[in-house]
Colleague: 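One structure follows; several queries about it will come next.
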Amino acid sequence: MIASALVALPLVAAALCAAPLLSRWSRTIAAVASLAVAVVAFATVVVPLATDARISWAAVLGASYIVDVDGVSAIFITLGGVVFAVGAAASAHVPHRRAYFALWCLLVAAVDGVFVARDLGLFFVFWEAMLVPLAILMWQWGGADRRGATIRFLLYTMAGSALLLVGVVSVAVARGTLDIDALAARPVPASAQLLPALLFLAAFAVKLPLFPFHAWLPRAYVAAPIPVALALSGIVAKTAVYAIIRIGLGLFPEGVAQAAPALVALAAVGTLYGALLATRQDDLRRLIAFSSLSHLNLIGLAVFAATLTSLRGAVVASVSHGLVVAALFLLAAMLARRTSSFALSRAGGLASSAPVLTAFSTLAVIAAIGVPGTSGFAGEFLSLAGTYERYPAAAITATLVVIVAAVYGLGLVRRAFHGPPLATGPDLGWRERALVAPLLALVLVVGAAPWIVTDHVGQEIVPASLGAR
Amino acid sequence: MPTEAYLLLGAGLFALGAAGVVTRTSALSVLIAVELMLNAVNLTFVAAARRYAQVDGGVIAFFVIAVAAAEVAVGLGIIIDLARRKTSVDVDDAADLRG
Amino acid sequence: MTPEQAIFAIAGPICLVAGFSAVRQREPLSAALSLTVTLVSLAVLFLGLDAPFLAFVQIAVYAGAIMVLLIFVIMLLGVSHVDMPTLQRPSLGLAGPLIALALFAVLAAAILRGSLPAASADPLPEDHVNAIADLLFGRYTFAFEAASVLLLAALVAAVVVARKRSTAREWPGR
Amino acid sequence: MTVYDLGAIAPLLVLAGGACVVLLADLVFRADERVWAGLGAAFAVAAAVTALVLGPGDDGFGSEIRRDGASVFFAIVIGASTAAALLLAIGYVAPARLPAAEVTALTLFSASGGLLLASAGDLLVAFIGLELLSIPLYALTGLLHGARHADESSLKYFLLGAAASAVFAYGIALIYASTDSIAIGSLASATSPIGLAGIAFLLAGLAFKAALVPFHFWAPDAYVSAPTPATAFMAVVAKVGAFAALLRIGGAVTAPGVAGLDWRASLAVLAAITLVLANLAALGQSSLKRLLAYSSIAHAGYICVAVAAGVVASGAIAFYLVVYAALTVGAFGVITLLSNDDPTLDDLHGLARRRPLVVIALGVLLLGLAGLPPTAGFLAKVYVFEAAIGARLAWLVILAVLMSVVSAAYYLRVLFACLAEGEGEPARGPSIGGGVVVLAALAIIVVGIVPGPLLDAVQSVRF
Amino acid sequence: MTLALVVALPLAGAIVIALFGGRLSRSLIGLIATGALALAFGAALAIAQAFAAGKGTLVAELGPWLPIRGADLTLRIDPLTLPLVVMVTGISALICLYSIDYLGHDTGAQRYFAALDLFVFAMLLIVAASNLLLLFAGWELVGLCSYLLIAHYRERPVAASAGVKAFLVNRVGDAAFLVGIFVIFASFHTVALDELTTRPPLLAASALLLVGALAKSAQLPLHVWLPDAMEGPTPVSALIHAATMVTAGVVLLLRLAPLLHGDVLSDAAVIGAATALFAAIVALAQTDHKRVLAWSTISQIGLMFVGAGIGAAFAALFHLLSHAFFKAALFLGSGSVMHATDDELDMRRLGGLARRTPLTTLAFACGALGLAAIPPAAGFFSKEQIAAAALAHPALLVVVLATSAVTALYAGRLFALVFIAPAASEQARGAHESPPLMLAPLLVLAAGALVFGLLVSAGAVPLGVAGATEAPLALSVTSAALAVAGAALGLALFWRGPRSIVPLSLADVARRGFLIDDLYAAALVAPFRSLARLLDTGSEALVVQRSVDAVAWIVGRGGVIVRRAQGGYVRVYEAMLLAAAVVLLAYWSLR
């Protein structure tokens, strides 16, 4: 019931946003709806409530409307709600606001749907439904390169989804049902898991994106409007993490395990690769893009390793990255508003005129590079420690990222804020502070008490056949 | 005569019609080639009917003739219309739509 | 040599040669005349196949009505519409015969290899025309009705095509 | 003629009779042009209702005409799409100065031909149905006198169509020669080379009507040149008829299992070629109508994927055809709302600002065409793919999904063109056509979310 | 509870200052920071009291943290770590007090004091963590705070870069440390120290932890960040060198000694010895008085590594504490000198300060005595302990003694150039004594540097670790003689001002740390940059992006070709249609 409400709420909000009479309030509606989603989702893990719903849908095709919320999905939905709320709140002064916020709420609904769907068909519906509002938001409200970037993003991810569809259809034909829990309860023989696992993982790898399937990422991050880029990186990418856990590991544990050596190698390389490229970027958004690539690959690494510790790490790291990247994008936008450019070379020495901006940015960067006390460390450590148990070489390779991350992270701070004051601008106003401060506070809270997250990621997340520690 | 002989004859006519459809550039000539193909059809029907001692084949051929008449009526209408507009019934002159 | 064989031996080649001529003639009028020859020789073949009624229809309707209409249109449009090959156009001089040859070869192979069901030993009904009538208004009633609708539709279509100049206006397209 | 016969042909009678009534009434009464299109739509609806009410039953005329679940279903689909196309025509005939009564009559005749083809019990009736379907379309294609090269595409359509029907007829003749029967059921015994050759020709003839590559060359030109309501009509009804016949024939051919493999392999290859080439060709189009034409060819490819899976996929095919009908009528319907009959994508600039509702509807339709959820287009594709996977055609499914990604590229171009700033063609005010478009979009969404009833309904499509 | 208070107070101070410091005056911020540290010091003393009363260990369980066995927020203090806690809180409170006036005109006081308190908190975490992970948290936070403080003068590019450099080099060690934790966790599934001490030591993990210690303690070959760290405010240097950061490596070796493999420990001793001598020689060549102290720290920590490496925990801990006193005194003295001379750092431009800033001179002299290990200063006793422990390792002993001699030499040189030689610049001539709030902590520390060794040797201050060895008299005499001789030589040589003893080029190479920085720039940094550039312009642009472009191009090209096939000629269409029909026909009938 509540699971359905998590999707219905933003849908209603979308309708309200589109209503001409409420035009003035559309931003508030979108933000409040997103926040409400977060609150409701988090409430489900605190208070035991009936969350599931099961309605016949396209029975002939094997698909039903089955939704539920468990600990992992609740965490992701909560994260999504926070990120979406911040993104909506940050979307001040957009043209065509009714359309913008209606699409925004549709995106929220689709993302929530991905997290609550317990039927592969329904899952695919939401999975693809995310694309449309995203694409329109990018196309219509994006920056200079928006057309090419949108098309590239869309077609690339759709190519991945195409294979996912083949996978879903194959499962429907072979098993006669798409009920995820039922399928997980009786997995197919280990020898027959690799192929479907690869079909499913193709889509997830593109969405994540796993190195080297990230060709869409830098351009999309640069071209998308900041709130959309924030949502794209902060939560939409996490749908892939969730999907790998829920579907990849849930339905095809052996298949994923068979592919894991290659996947883990790619993810480990990607972790370093993204960080190395981030050191070269001048455009802040590209820097954040490649840093995200690095983080997301680290998360992917942890998921593919599939130990309890690493999976917990992946969830924490997802939460952390979502919060941090949201903060980073917002701060980048605030910086750009002061220097009228996202180029680091146009900034410099902002610290003296905007100390709070500097402090916030420094804190965000510190979290991004995983200093203990921030959520970044909790996620990174659990991910790597868990991965090491199964794939030591990959874990060691990926651990090198702590060095490279420091290079680009502190490089960012140094180039933008330190040094002689080349650029000046007013410090953050209270609205801007109010936007970023909650994110940073959450980063610290999760860093100090990661059990808020990990307590809800139980042993059942680890496929039984892979053994658990 | 064996039925196969008639069938072969029909096949030959049909092939000739096909060649005409491809090589002729006057719409009228193409129409004539199509008629040739339809006649091959009729020959086949009649020959088969004879083999099986049925009248059905002939009746079907009768229908084919009716259909051919209908086609010719509309086809000629179209050709006349084209000729009035383009002063040409050359199918290669009607090649502006492409891509 | 039975009469049927004789008819086939004479009308068959004529039919083929006339058909060849019909698709080789540049001028539509000549082609139409060649086709008429084919139609007549086919009617003769039909006679040999014990289908006198169809032979009659072939002459009366096909050679008579349809071909006259065709020739009338050819004359109406004038003899200027000669089939003239030009250099810029796709020359399918080779493709046409090739396709035809391949078509014939494959069909011939199928016909010669194929084992048709045994020929019926029964003779065709004596009362040919009555038999046809029985079928047309018995087994093929529905097809007959459908064909009449088809002819009506074709009539309307032809009228519409002919009339459109007077009714339609220039559409603001490119 | 018995009451059973009447029951079997009742929808046909309504359609053909309706055509005659419209023609006669036009001679007797002077009425607004729009009345005739509306009247025709009413007859089409009546035909659908008749089929629905009478339901399946005994065949008529000694099984020349079938009254099975499939016939009834396709009668409803054909009736409904014809009605939708004629409703689009209501607002269209007057500014285009088309002879409304004749257009309506021809459309109804053609629809009855499509229905005949779909419910034919023997090949002769199928042939007559094919011709009855086609001949009015030849005329309709050339009707829009001022449009680009209407007469050219009409001629092309006619010449190609004539050759294709000759091929089809020859196929019947070869079948008859090898089996001494023209009943569709007798195809099962056409196992000699001659009979198989006949089947091949039947396939070619129907592939032409269904516009499968490489039998499709007439389609883009005809679709572009025809008056847009007629385009919508022919894109839907011709395909419905052709695929119904393909299914019928396929059922008979594959029944004994002798030629089943060949039948499926041929269709799979045709499907593959169609999917690849049609989608590629649609990529660079600047004319919206031409783009949609290629898109509808591509959709024939998707349907063909299911046809290749065999008769078991008839439910999937029926579902896809219904969804495709709604999508196609809706998408071409959008063009009837513009003041230019052959708009380029650039003409769509600024449409989102001027007619937001239309663009939302078009967006839904394009999503449906691209097969994206939550539209019915997505479920249709899933259904087809499930059928194909079940028939071990995984390679074809992978090709199809990849091509649907390519298709997304051009559908999105259309959508983004509407969203782009700029002054495109002015759009007409609200109209019945607009209602049809919105209704189609609504149907696509509703069926996408509540597909149960339609999914149940297509289970009745049995031959 | 008290233990939690010790650790939490500095953190609370940092948080309060960070959140509310913007509205408070500079001195109030400084007082809050100092107050927090002083209270923590008081709490630490209270704990010491309890320990003196016979309590063995003190554990504070503050709740769970990471979902890993042992990774809880639990603090633990034992006799080994107690003196460290007292020292850290005490000395940093003094440094913090000193900073109030030192930073009197700095607009960045808020972040300075916040980071300072956080720094202390982090160091206390290292000292008092009950598990590896919490220890690592402190470990990294120490690096972070060093970054924040070294880059305090952030408008100066050099300072900003120095901060980044410090953090990066530390991160190299941190990465190794992390992997070390992974190895341990993968083997034993726990990170709790008391559980781990019962397990056999792992060679790989030990080596990795040692790398971490080397980076944090600026030992060869990861010492390069420390000299640059002088870019921060001088009290920060005092904090880093004396109390909070560089000694962390030694603390690690001491606390984790049961976990560490014997081979690795002896490696640590060897590395420490090498570093000690190397850094002492480099210190000799410096011209910047803070840099002399920086290199001296590297050298002294090297000695502690020797002690810890050969298992002389008492010696290492003793030297760590006494070093904390005299190095803090020296640095604060150095800061006082800078304060007096408008931030003049070049010793060759100083001189004659003894008369103008007598109290600073006095304090500095005490520190220098400690550094030079001249009895009765603290350094003498602690160094003697290390030497005594190294008796069993003659090679190490030789190096330790040689280092002592060189140390005394440069200490003498430093003192002579800054305070005794004739004033060489306007700043030196115009020097003035620092304010009392700076002098007071300075003098306290100087006193500590002077008497701490005596107190410990006399047993007045228990260190909690057994293992004090009675040094042979010969050794005591030798080391004292070497120290005195070295110091005397240094004073004598530079009594009259700077002079060149070795060829300038050689001195220059030595001054630049034997070009190890340049080596790294060429061998590590440049290849790193090249790799990043290669990936950016090579694999990313040419492979990842282009491959997608290529697919798009091929598809688009296919579209063009297909559209070209639709050439408009109906005869071609007819040919296609019939040809396709023939193909179908052939497929069906020719089988």
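Residue numbers start from 1 in every chain, and the chains themselves are labelled A, B, ... in the order their sequence lines are given, proteins ahead of strands.
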Colleague: At their closest point, which heavy atom of D:A163 faces which heavy atom of B:M37, and how far apart are they?
Modeller: O-CE, 4.3 Å
Colleague: Nearest 0.5 angstrom please: D:D151 CG to B:I80 CD1, how far?
Modeller: 13.5 Å
Colleague: For D:F201, is it the side chain, the backbone, both, or neither that has a heavy atom closer than 4.5 Å to a heavy atom of chain B?
Modeller: side chain
Colleague: Tell me the closest heavy-atom pair linking D:L155 and B:L82, and the distance in Å.
Modeller: CD2-CD2, 3.5 Å
Colleague: What part of D:Y294 gets closer than 4.5 Å to chain B, counting heavy atoms only: side chain, backbone, both or neither?
Modeller: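 Contact with chain B is through the side chain of D:Y294 alone.
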Colleague: Under 3.5 Å, side chain of B:Y52 to main-chain N/O of D:A177, donor-acceptor pair present?
Modeller: yes
Colleague: Counting only heavy atoms closer than 4.5 Å, note whether B:A11 contacts chain D via side chain, backbone, both or neither.
Modeller: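 Contact with chain D is through both the backbone and side chain of B:A11.
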Colleague: To the nearest 0.5 Å, how far apart are CD1 in B:I60 and CD1 in D:I182?
Modeller: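 These two atoms lie 3.5 Å from each other.
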Colleague: Would you say the side-chain atoms of D:Y176 pair up with the backbone N or O of B:G57, donor to acceptor, closer than 3.5 Å?
Modeller: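 A pair under 3.5 Å: yes.
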Colleague: Considering only heavy atoms from C-beta outward, does the side chain of B:F14 approach that of D:V167 to under 4.5 Å?
Modeller: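 In short, these two side chains touch, coming nearer than 4.5 Å.
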Colleague: Less than 4.5 Å to any heavy atom of chain D: does that hold for the side chain of B:A49, its backbone, both, or neither?
Modeller: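 Both the backbone and the side chain of B:A49 come within 4.5 Å of chain D.
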Colleague: Could you measure the distance from the CD atom of B:E71 to the CG atom of D:L159? Nearest 0.5 Å is fine.
Modeller: 10.0 Å
Colleague: CZ of B:R51 to OG of D:S178: how many Å apart, nearest 0.5 Å?
Modeller: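 So the CZ of B:R51 and the OG of D:S178 are separated by 10.5 Å.
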Colleague: Could you look at B:F45 and say if it's the side chain, the backbone, both or neither that has a heavy atom under 4.5 Å from chain D?
Modeller: both
Colleague: Side chain from CB out, backbone as N, CA, C, O: work out which of these in D:Y138 comes under 4.5 Å of a heavy atom of chain B, or both, or neither.
Modeller: both
Colleague: Can you tell me which of B:L7, B:N42, B:L31, B:V67 forms the most heavy-atom pairs within a distance under 4.5 Å of chain D?
Modeller: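 Most heavy-atom pairs within the cutoff with chain D belong to B:V67.
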Colleague: Grab the two heavy atoms, one from D:A166 and one from B:L38, that are nearest each other, plus how far apart they are.
Modeller: CA-CD2, 4.0 Å
